[in-house]
Amino acid sequence: MTEDQLRTIVRTNIKRYRNHRKWTQAELAEKLDISINFLSDIENGKKWISLSSIVKISKTFNIEPFELFRPIEAIPPSVSVLLSKYNDEVIHAISSSVEQIYAYYKAEINSEEHPT
């Protein structure tokens, strides 16, 4: 993956999460304490953001920072539609549960491949 591809994923996800919450650019910019123009430049790929901004944005969306780096294809459309029916707290609880399950099974597979 190239840097440009990664930037595209991040900016697309910021816009996707913003739209999912039905926030305007002005509303998100206010929550992040940045200008609307700067947010627009981020979403349009004209500006890049720091890691501290990634953390601030993820906290605003109530997601883990790595979620902003996840390609959209990694989330099946049926899951996205399902999650859109729930509030942010439920989505965060579901995401945390899925991540814990994934980590558990990943550890199980690793332990089977590399027995002690």
Side-chain angles (χ1 to χ4, degrees):
M1 177 177 297
T2 67
E3 183 177 337
D4 285 341
Q5 289 170 322
L6 184 61
R7 288 176 186 235
T8 298
I9 290 168
V10 171
R11 70 185 176 88
T12 300
N13 283 333
I14 291 170
K15 186 173 185 176
R16 185 173 57 88
Y17 280 108
R18 179 180 60 76
N19 287 332
H20 172 74
R21 284 165 178 75
K22 297 179 173 66
W23 293 343
T24 64
Q25 283 185 333
E27 290 170 320
L28 179 56
E30 183 178 331
K31 292 174 188 301
L32 297 173
D33 195 29
I34 61 174
S35 73
I36 299 168
N37 289 338
F38 186 61
L39 178 59
S40 177
D41 285 348
I42 292 167
E43 288 186 356
N44 291 312
K46 296 177 183 174
K47 302 268 179 159
W48 186 235
I49 50 178
S50 66
L51 288 178
S52 62
S53 294
I54 293 283
V55 170
K56 188 174 185 178
I57 291 167
S58 65
K59 285 181 180 180
T60 301
F61 288 138
N62 197 27
I63 60 173
E64 294 296 325
F66 73 87
E67 296 292 340
L68 293 173
F69 294 90
R70 182 176 289 177
I72 189 77
E73 297 82 28
I75 304 172
S78 57
V79 173
S80 294
V81 170
L82 176 67
L83 291 178
S84 69
K85 297 177 183 180
Y86 297 97
N87 67 30
D88 292 341
E89 289 178 30
V90 173
I91 292 171
H92 183 68
I94 292 169
S95 295
S96 295
S97 297
V98 169
E99 291 300 325
Q100 289 173 1
I101 292 167
Y102 175 75
Y104 172 79
Y105 283 108
K106 187 174 178 183
E108 287 292 313
I109 290 170
N110 284 339
S111 68
E112 289 174 5
E113 292 176 355
H114 307 288
T116 54

**Student:** Mind checking the CD1-CG spacing from Ile14 to Leu32? Nearest 0.5 Å is all I need.
**Tutor:** 8.5 Å
**Student:** Of all residues at least two apart in sequence or in a different chain, which pass the side chain to side chain donor-acceptor pair (under 3.5 Å) check with Ser50?
**Tutor:**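 Testing Ser50 for side chain to side chain donor-acceptor pair (under 3.5 Å), a comparison that skips the adjacent residues, returns Ser52, Ser53.
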**Student:** Please name all residues satisfying side chain to side chain donor-acceptor pair (under 3.5 Å) with Ser35, sequence neighbours left out, ordered by chain then number.
**Tutor:**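 None.
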**Student:** With sequence neighbours excluded, tell me which residues meet side chain to side chain donor-acceptor pair (under 3.5 Å) with Gln25.
**Tutor:**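 Listed in chain order: Glu43.
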**Student:** For Phe66, which residues count as a side-chain contact (heavy atoms from CB on, under 4.5 Å) partner, sequence neighbours excluded?
**Tutor:** Glu64, Arg70, Glu99
**Student:** Given Lys31 and Trp23, is the side-chain contact (heavy atoms from CB on, under 4.5 Å) satisfied, shown in steps?
**Tutor:** CA-CA 10 Å; Lys31 292 174 188 301; Trp23 293 343; 3.6 Å; yes
**Student:** Decide whether Trp48 and Ile42 are clustered together by the hydrophobic rule: side chain heavy atoms of Ile, Leu, Val, Met, Phe, Trp, Tyr closer than 4.5 Å, transitively.
**Tutor:** yes
**Student:** I need the Glu27 CD to Arg18 CZ distance, nearest 0.5 Å.
**Tutor:** 9.0 Å
**Student:** Quick one: side-chain contact (heavy atoms from CB on, under 4.5 Å) partners of Gln5, sequence neighbours excluded?
**Tutor:** Met1, Thr2
**Student:** May I have all residue pairs that pass salt bridge (charged side-chain N to carboxylate O under 4.0 Å, His left out) and include part of residues 6-15, sequence neighbours excluded?
**Tutor:**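 Qualifying pairs: Glu3-Arg7.
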**Student:** If you round to the nearest 0.5 Å, how far is CG of Leu68 from CD1 of Ile9?
**Tutor:** 11.0 Å
**Student:** Take Asn19 and Arg16, measure what side chain to side chain donor-acceptor pair (under 3.5 Å) needs, and give me the verdict at the end.
**Tutor:** CA-CA 5 Å; Asn19 287 332; Arg16 185 173 57 88; over 6 Å; no
**Student:** For Lys59, enumerate each residue passing the side-chain contact (heavy atoms from CB on, under 4.5 Å) test, keeping only those at least two apart in sequence or located in another chain.
**Tutor:** Val55
**Student:** Can you name the side chain to side chain donor-acceptor pair (under 3.5 Å) partners of Glu30, sequence neighbours left out?
**Tutor:**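 Checked Glu30 against side chain to side chain donor-acceptor pair (under 3.5 Å); zero matches.
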**Student:** What's the spacing between Asp33 CG and Lys56 NZ if we round to 0.5 Å?
**Tutor:**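 Atom-to-atom, Asp33:CG and Lys56:NZ are 5.0 Å apart.
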**Student:** Going from CG on Leu28 to OG on Ser40, what distance comes out if it is rounded to the nearest 0.5 angstrom?
**Tutor:**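 Spacing of CG (Leu28) from OG (Ser40) equals 11.5 Å.
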**Student:** Between Glu67 and Tyr17, what is the shortest heavy-atom contact and its length?
**Tutor:**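 Between these two residues, the closest heavy atoms are CB-OH, 3.6 Å.
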**Student:** Working to the nearest 0.5 angstrom, can you tell me the gap between Thr8 OG1 and Asn13 CG?
**Tutor:**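 Between Thr8 OG1 and Asn13 CG, I get 10.5 Å after rounding to 0.5 Å.
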